[in-house]
Asker: 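Handing you this structure, nothing more for now.
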Amino acid sequence: MTTANKKLSSARLTQPTDKFVEEFTASVQFDQRMFRQDIRGSIAHATMLAEVNVLTVDERDQIIAGLQQIEQEIESGDFEWSIAQEDVHMNIEARLIALIGEVGKKLHTGRSRNDQVATDVRLYLRDMIKPIAQQLNRLQEALLNVAEREAETIMPGFTHLQTAQPVTFGHHMMAWYEMLVRDAERLEDCAKRVNSLPLGAAALAGTTFPIDREMTASLLGFDRICLNSLDAVSDRDFAIEFNSFASILMMHLSRFSEELIIWSSAQFDFVDLGDAFCTGSSIMPQKKNPDVPELIRGKTSRVYGNMFNLLTLMKNQPLAYNKDNQEDKEPLFDTIDTLLGSLRVYADMMSVITVKADNMRQAALRGYATATDLADYLVRKGTPFRDAHEVVGLSVAYGIQHKKDLSELTLEELQQFSANIEQDVFEVLTLEGSVAARNHLGGTAPEQVKAAIQKARSKR
């Protein structure tokens with residue numbers, strides 16, 4: 001089966017396109033993934049043209065039947081893609097003409113490749129937002145499950161990567177979850193601007209045919225119509241916005257990855273990622289490398305690059321459509337693929353993560369994590385905060401000198417720094433006491449973590 005060899009857009013030209021130029025300017029190698037969207041858009045366009053009497057009902061039916069056959073051919077692998085026809089749109093139209101003859105030539109009435117490709121890209125991105133949202137949802141669910149399981153597991157909280165205060169692992173997972181909530185909101189908001197119909201703008205100035213853009217929008221499920229024909233064919237803000245969302249999400253995954261890489265190291269040994277998500281070394285048999293989070297950390301820069309690619313692509317384009325815009329698809333497609341893979345593997349990995357609670361607890365005991373609790377204790381006893389801060393600093397220095405945690409110092413040792421310290425001080429110097437005391441909205445107390453999980457589940 002062959003696609004028609006005649007180039008559908010070559011009538012104006014007096015010489016054939018140079019062979020290398022033909023290959024250099026073609027996009028069918030990568031935009032053929034939009035074939036379903038292109039056929040869907042063409043079926044809607046033909047349906048509308050028949051409704052406004054530009055096509056007859058019989059012509060419409062022939063066109064739709066031909067397009068449906070082409071879709072089956074592509075899905076079965078029987079379709080022959082041609083570089084000579086440049087892109088997915090012209091390949092499908094050429095095949096349609098080969099199938100149904102002169103009637104197939106009427107499909108392009110009232111539209112241009114400019115508004116056709118803008119519509120296809122929006123349809124494709126809209127279709128791909130759905131599985132991305134599903135994978136994002138899976139990862140959120142995995143984090144909620146881990147947080148629920150580890151709501152009372154104590155670990156050191158860090159600032160500057162130094163032990164700061166004790167928190168619970170569940171609370172830490174809920175911090176990750178909150179980042180993803182914002183990501184989901186950004187994706188939902190982005191989807192609104194993706195869902196605008198450019199079709200009907202034609203090349204740049206609209207068409208003289210009596211088209212019904214509202215009907216086309218309804219057939220294709222668009223919420224709104226691009227209101228200016230110049231803007232409709234040249235706008236790629238929606239692709240840039242999606243890449244911006246993707247870059248922020250990948251930044252979050254990269255931060256998660258950095259922590260997992262640190263936590264799974266022998267020096268920390270807080271978590272085990274599961275053998276299915278790690279690899280060994282070609283020379284060191286003892287190694288278990290966290291390749292999945294490392295690779296996602298690396299892929300983040302790839303998505304950043306795609307965003308800047310699109311921004312730079314658009315920054316100096318005059319209205320309306322320019323051939324430059326052919327370069328919008330590869331970075332967009334690459335971001336979609338990278339995001340889908342990263343979210344999927346992260347959701348799978350977090351679903352089987354093993355948390356080493358004893359190791360986390362011992363680490364929290366080594367870093368004077370309850371020092372702030374001692375300062376708060378002194379303030380409640382009437383000591384001005386700055387004085388309390390100095391007392392605790394001296395107490396920690398003493399503990400370091402004698403290799404003792406604050407909870408291991410005797411009452412007499414603590415009282416040499418402040419007479420306000422009494423026997424009840426030891427109630428606030430325990431790790432459990434520290435996390436339990438932060439029992440307020442957004443705090444790390446197990447009760448608050450469980451409440452946050454319940455609230456998150458109710459919203460979902």
Side-chain angles (χ1 to χ4, degrees), residues 30-31 33-34 37 117-140 143 175-198 222-224 226-228 231-258 293 295-317 319-322 324-347:
F30 51 83
D31 68 14
R33 68 162 67 189
M34 299 192 300
Q37 289 75 26
V117 65
T119 301
D120 287 2
V121 174
R122 286 178 182 267
L123 282 171
Y124 182 81
L125 180 54
R126 189 182 72 184
D127 288 348
M128 298 311 296
I129 282 175
K130 295 175 184 177
I132 288 171
Q134 290 169 352
Q135 292 299 330
L136 180 54
N137 184 69
R138 284 187 64 235
L139 177 53
Q140 288 178 304
L143 292 180
W176 289 8
Y177 179 83
E178 288 298 320
M179 296 182 199
L180 297 183
V181 168
R182 296 193 295 273
D183 291 324
E185 290 172 349
R186 273 184 283 269
L187 180 59
E188 183 178 3
D189 197 50
C190 171
K192 296 175 184 176
R193 279 173 290 283
V194 171
N195 207 27
S196 294
L197 175 71
F222 282 100
D223 294 331
R224 61 190 66 81
C226 298
L227 296 178
N228 182 281
D231 180 57
V233 297
S234 60
D235 170 35
R236 295 298 184 271
D237 291 2
F238 64 93
I240 295 171
E241 184 177 0
F242 174 80
N243 270 269
S244 175
F245 144 77
S247 295
I248 296 172
L249 174 52
M250 288 299 294
M251 177 268 290
H252 288 153
L253 295 185
S254 185
R255 293 182 71 185
F256 301 172
S257 295
E258 181 72 7
L295 186 57
I296 288 175
R297 189 176 58 182
K299 284 182 179 292
T300 300
S301 62
R302 181 190 190 110
V303 174
Y304 289 179
N306 290 336
M307 182 182 73
F308 282 102
N309 186 333
L310 288 170
L311 283 168
T312 307
L313 175 71
M314 299 303 300
K315 77 175 181 65
N316 60 352
Q317 282 197 40
L319 289 171
Y321 183 84
N322 298 276
D324 311 45
N325 286 349
Q326 182 172 298
E327 291 294 302
D328 66 348
K329 296 166 198 62
E330 288 179 286
L332 178 61
F333 295 163
D334 184 72
T335 291
I336 290 169
D337 295 344
T338 302
L339 203 56
L340 274 171
S342 298
L343 286 169
R344 175 182 173 180
V345 75
Y346 233 100

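Being a predicted model, the structure only gives us computed values, none of them experimental. Scope of the values below: all heavy atoms of this structure, side chains included, with no hydrogens, waters or symmetry mates.
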Asker: Show your working on salt bridge (Lys or Arg N to Asp or Glu O under 4.0 Å) between D337 and R302 and close with a plain yes or no.
Answerer: CA-CA 11 Å; D337 295 344; R302 181 190 190 110; over 6 Å; no
Asker: Has the side chain of D189 got a donor or acceptor atom that lies under 3.5 Å from a matching backbone atom of E185?
Answerer: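 No: the side chain of D189 does not pair with the backbone of E185.
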Asker: Indicate yes or no: does R122 engage D235 in a salt bridge with an N to O separation below 4.0 Å.
Answerer: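 Here R122 pairs with D235 in a salt bridge, since their nearest N and O are under 4.0 Å apart.
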Asker: Within this structure, what is the OH-CE distance for the pair Y304 and M251, rounded to the nearest 0.5 Å?
Answerer: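 It comes to 5.5 Å.
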Asker: Is it the case that the side chain of R236 and the backbone of L311 share a donor-acceptor pair, with hydrogens and angles ignored and the cut-off at 3.5 Å?
Answerer: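 Absent.
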Asker: Looking at S257 and L253, would you say the former's side chain and the latter's main chain have a donor-acceptor pair under 3.5 Å?
Answerer: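 Yes.
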Asker: Rounded to the nearest 0.5 Å, how far apart are OG1 of T335 and CG of L125?
Answerer: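 Rounded to the nearest 0.5 Å, the OG1-CG separation comes to 10.0 Å.
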Asker: Check whether the side chains of N243 and N306 place a donor and an acceptor atom closer than 3.5 Å, and report yes or no.
Answerer: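 No - no donor-acceptor pair under 3.5 Å links their side chains.
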Asker: Could you verify whether a donor N or O on one side chain and an acceptor N or O on the other, from N309 and E330, lie under 3.5 Å apart?
Answerer: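 No, E330 and N309 have no side-chain donor paired with an acceptor closer than 3.5 Å.
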Asker: Do the rings of W176 and F256 sit parallel, tilted or perpendicular, given the 30° and 60° boundaries?
Answerer: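 Correct class here is parallel.
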Asker: Working to the nearest 0.5 Å, report the span between CD1 of I240 and CE of M307.
Answerer: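 That separation rounds to 9.5 Å.
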Asker: For a side-chain contact (heavy atoms from CB on, under 4.5 Å) with E327, tell me which candidate from T312, L313, L310, L332 qualifies.
Answerer: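 So the option named by the test is L313.
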Asker: Working to the nearest 0.5 Å, report the span between CZ of F242 and CE of M128.
Answerer: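 Between atom CZ of F242 and atom CE of M128 there are 8.5 Å.
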Asker: Measure the OH-CD distance between Y124 and Q37 for me, rounded to the nearest 0.5 Å.
Answerer: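 Rounded to the nearest 0.5 Å, the OH-CD separation comes to 7.0 Å.
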